[in-house]
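Counting starts at 1 for both ligands and their atoms, following the listed order. Starting from 1, each residue takes its place in the sequence as its number.
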Amino acid sequence: MGGIALRGEWGMGEGMARDVPRQTRYDAVIIGSGPNGLAAALTLAREGLGVLVVEAYGVPGGGTRTAELTLPGYLHDVCSAVHPMALVSPFFRGMRLEEEGLEWVHPEVVLAHPLDGGRAAVMHRGVEETAAGLGEDGKAWLGVFGRLRDSLPGMWDDLLGPLPVMPRHPIGMMRFGRNAVRSAAGLVGSVFRTEGARALFGGNAAHSVLPLEKPLTAAVGVALGLAGQTTGWPVARGGSGAIAGAMVRRLEKLGGEVVCGWRVETLGELPAASAYLFDTGPGQMASICGGRLPGGYVERLKRFRYGPGVFKLDMALSGPIPWANAECRRAGTVHVGGGFEEIAASERRCWGEGVDGKPFVLVAQQSVCDGSRAPEGKHTAWAYCHVPSGSVEDHAEAVLGQMERFAPGFRDTVLATHAMGPGDYERYNANNAGGDIVGGVMDAWQLYTRPVARWNPWTTPAADVFLCSSSTPPGPGVHGMCGWHAGKTVLRRVFGKGPSAW
Ligand SMILES: Cc1cc2nc3c(=O)[nH]c(=O)nc-3n(C[C@H](O)[C@H](O)[C@H](O)COP(=O)(O)OP(=O)(O)OC[C@H]3O[C@@H](n4cnc5c(N)ncnc54)[C@H](O)[C@@H]3O)c2cc1C
């Protein structure tokens with residue numbers, strides 16, 4: 001497994017000589033080594049089961065890989081960069097991957113949202129501290145986040161669990177639901193008055209990849225805001241590949257095996273196992289299983305919906321980004337898109353007419369807090385916007401233009417760029433269908449009925465086939481919870497045991 005957390009190179013990988021499994025039979029085979037595939041494997045391996053993970057790409061990690069995409073010595077996160085959900089995840093908390101060398105690094109400022117005229121709204125690790133910077137909306141901000149904070153960390157177990165029919169923390173969930181069931185536009189319209197608070201909340205809600213007028217988009221704004229103001233939005237030192245590296249190291253210590261460079265096409269090519277867990281989209285699972293899954297179930301899987309794609313630009317920079325606002329220079333994440341109405345328009349357009357010159361751009365500047373990402377004095381930037389599914393347009397100019405708008409002189413710092421559009425993301429990893437990075441639309445219907453409405457969504461009608469990817473609840477993000485729930489289901493149903501306490 002040499003070199004996994006290391007730089008790798010985007011473009012190599014598939015087609016490499018593949019490793020060979022050591023055995024012909026395992027307790028469980030996991031197809032795909034994203035954070036959920038590895039979480040499922042770890043859940044089973046720590047109970048003493050024999051586990052094999054098979055990965056199409058040359059290095060494990062799925063959405064958590066780091067590569068020198070631009071120039072030698074500049075480390076870029078190919079997909080995931082900022083990890084609020086890993087810190088609040090009961091799975092990650094229990095696994096203590098810090099013991100495997102994983103180090104979370106926090107920027108001085110969690111998130112900054114620049115506004116025209118050199119102003120910015122800023123989110124700090126601290127609800128009061130954030131509220132204090134929001135002027136006349138400070139009290140309203142405290143009203144949304146202050147009491148919720150008192151329900152943590154327990155409330156994350158409910159939020160990241162199966163459909164919370166019987167929540168274990170009902171008071172927290174009631175407080176959460178009060179704001180979360182609404183649309184972000186509805187909440188912002190009735191709760192906040194200032195441009196700063198409206199933009200700050202709207203930028204967080206836009207991670208839903210939904211028009212901000214849709215129900216439940218406020219939930220994403222509340223959850224990400226809450227995580228940011230309590231545990232933070234850290235990056236992994238050395239790059240997100242370090243997360244996969246730590247997971248694989250732990251798995252190998254527990255006797256698990258990871259085989260790379262093997263794109264699975266049929267179940268028949270895999271070693272025998274009592275359970276097969278798919279860290280793939282539902283369509284791929286159906287195709288690989290062939291006739292093993294009943295036709296009616298496969299038809300329902302076909303109705304699973306994917307949303308917009310992304311266009312991402314990674315940049316090697318000669319220096320830090322010259323944001324006009326000083327707080328933005330200290331932030332790990334910068335939401336670039338102006339006021340709430342502008343962001344909302346951008347998030348509507350990616351569902352239809354496409355990107356105009358002013359997309360909402362999510363920027364991470366990992367090198368402000370992690371010096372290992374670039375040579376001494378140099379920096380990196382990771383920036384993407386939502387675009388229509390499958391879009392083939394080059395949006396680099398729009399992304400650069402939005403950054404220059406709030407950081408005059410920025411273009412002069414760019415030494416090299418590397419662009420990936422929806423097609424590139426789908427070729428890189430078939431789970432990103434049409435460039436969708438959230439494993440399928442996260443609207444009110446598909447939130448808990450991923451991939452179909454089923455009491456236990458990680459199961460399928462075949463007793464030995466399970467889905468563990470972000471196309472199951474609780475959905476996208478590096479939290480490992482989809483894999484953990486699937487793994488626990490397999491433990492109970494196939495092996496008749498529950499997971500040991502941490
Ligand atoms: C551009 C981008 C930015 C993102 N930013 C963030 C962020 O900042 N923070 C965050 O928390 N999340 C972020 N995400 C989302 C996060 O990366 C995903 O939600 C997460 O990786 C999903 O994990 P997973 O295990 O379900 O699947 P994946 O990570 O997609 O892993 C699936 C794995 O299965 C493999 N595979 C697929 N088909 C086969 C096959 N037939 N045979 C063998 N292997 C196969 C793939 O190669 C891949 O390695 C981002 C994603 C992208 C693409």
Any idea which atoms of ligand 1 are less than 4.0 Å away from a heavy-atom of [X]?
X	result
G32	33 (C), 34 (O), 35 (C), 44 (N)
V54	43 (C), 44 (N)
P476	19 (O)
G62	29 (O), 31 (O), 48 (C), 49 (O)
G37	25 (O)
I31	40 (C), 42 (N), 43 (C)
S33	33 (C), 34 (O)
W262	42 (N), 43 (C)

Can you check whether [X] has an N/O within less than 3.5 Å of an N/O in ligand 1?
X	value
T64	no
N432	no
S469	no
V264	yes
A56	yes
C468	no
P35	yes
I288	no
S470	yes

Please determine, by modelled atom types, if [X] and [Y] share a side-chain donor-acceptor pair under 3.5 angstrom.
X	Y	answer
T280	N431	no
Q365	W382	no
R65	Y428	yes

Donor-acceptor contact below 3.5 Å, side chain R125 vs main chain G228: no
Whether Q402 side chain and P359 backbone form a donor-acceptor pair below 3.5 Å: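 Pair found, side chain donor or acceptor close to backbone of P359.
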Considering heavy atoms of the protein only, find what lies nearest to [atom] and give residue, atom and distance to 0.1 Å.
atom	value
atom 29 (O) of ligand 1	G63 N, 2.7 Å
atom 18 (C) of ligand 1	G477 N, 4.0 Å
atom 52 (C) of ligand 1	C79 CB, 3.5 Å
atom 53 (C) of ligand 1	I437 CG2, 3.2 Å
atom 49 (O) of ligand 1	E55 OE1, 2.6 Å
atom 9 (N) of ligand 1	V82 O, 2.7 Å
atom 39 (C) of ligand 1	Q284 NE2, 3.9 Å
atom 6 (C) of ligand 1	S80 CA, 3.3 Å

Test salt bridge (charged side-chain N to carboxylate O under 4.0 Å, His left out) applied to R263 and E55, step by step: CA-CA 7 Å; R263 171 172 291 285; E55 166 57 46; over 6 Å; no
R237 side, atom CZ; I243 side, atom CD1 - distance, nearest 0.5 Å: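 CD1 of I243 is found 13.5 Å from CZ of R237.
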Straight-line distance of H395 NE2 to Y384 OH, nearest 0.5 Å: 14.5 Å
Structural part of [X] in contact with ligand 1, heavy atom criterion under 4.0 angstrom:
X	answer
T280	side chain
N431	side chain
D77	neither

Would a 4.5 Å heavy-atom cut-off, applied to side chains only, mark [X] and [Y] as touching?
X	Y	answer
L447	P473	no
M155	L148	yes
T130	F145	no
P21	P271	yes
K312	D314	yes
T489	T459	yes

W104 and H83 aromatic centres sub-6.0 Å: yes
Pair H335 and H207, ring centroids less than 6.0 Å apart: yes
Compute the minimum heavy-atom distance from [X] to ligand 1 and say whether it is under 4.0 Å.
X	result
A81	yes
A430	no
R65	yes
F278	no

Residue selection (non-hydrogen contact nearest atom 1 (C) of ligand 1) among Y384, Y428, Y425, Y57: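 Answer by nearest heavy atom: Y425.
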Full working for ring pair (Phe, Tyr, Trp, His ring centres under 6.0 Å) between F304 and Y306: CA-CA 7 Å; F304 187 67; Y306 287 91; 5.4 Å; yes
Neighbour count >12 (heavy atoms, 6.0 Å) for atom CZ, R493: no
Salt bridge (charged side-chain N to carboxylate O under 4.0 Å, His left out) partner of D443, the single match among R305, R450, K214: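 That would be R305; it is the only one of R305, R450, K214 passing the salt bridge (charged side-chain N to carboxylate O under 4.0 Å, His left out) with D443.
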